[in-house]
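Read the structure below first, then the notes.
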Amino acid sequence: MRLKVEFTTEPFELDGFPEHARSARRVVDEAGLSVEVGPFGTTAEGEAEPTLSAIDRLVRETLAHGATRISLQVSVLEGAEDEGEGAG
């Protein structure tokens, strides 16, 4: 199964890139997820286990680096649960 996680960390800083945001980006990169940074948040996609592990690490590390709020949404990608079935 493939998952997509969309997240933001706060507080926002207009004059720089806060350490909690750097930490979040580092976590999803190191997990090997496909990452897209947008104006209102970051999206990362990958297989379920590495994505779920990254979410746990992201929450813990961003809080440790000053995040006061973490917003996230996790979605199962359509058709992802059927991949590989019936092959043979």
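Along the sequence shown, residues are numbered consecutively beginning with 1.
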Taken to the nearest 0.5 Å, the spacing of K4 NZ from L33 CG works out to 13.5 Å
Going by salt bridge (Lys or Arg N to Asp or Glu O under 4.0 Å), name the pairs with one or both residues in residues 58-76, residues two or more places apart or in two chains.
D56-R60, R57-E61
Strictly distance-based, threshold 3.5 Å: is any side-chain N or O of R22 a donor or acceptor partner for the main-chain N or O of F17?
yes
Cationic N near anionic O, under 4.0 Å, R26 to E19
yes
Distance-only criterion, 3.5 Å: show the donor-acceptor pairs between side-chain atoms of residues 34-44 and protein atoms not counting sequence neighbours.
none

Enter the distance from M1:CE to E47:CD here, rounded to the nearest 0.5 Å.
9.5 Å
Does any part of the side chain of V59, heavy atoms only, come nearer than 4.5 Å to the side chain of L72, both counted from C-beta?
yes
Give me the atom names and distance for the closest heavy-atom approach of P18 to P11.
CG-O, 4.1 Å
Could you check whether any side-chain N or O of T51 sits under 3.5 Å from a backbone N or O of G46, counting only pairs where one atom can act as donor and the other as acceptor?
yes
Could you point out which residue of T68, T62, L63 forms a side chain to side chain contact (heavy atoms under 4.5 Å, CB included) with H20?
T62
Scan for salt bridge (Lys or Arg N to Asp or Glu O under 4.0 Å) pairs involving residues 5-18, sequence neighbours excluded, and state none if there are none.
none
With rounding to the nearest 0.5 Å, note down the distance linking CZ in R25 to CG in L58.
12.0 Å
Contact between E45 and L3 at the side-chain level, heavy atoms closer than 4.5 Å - yes or no?
no
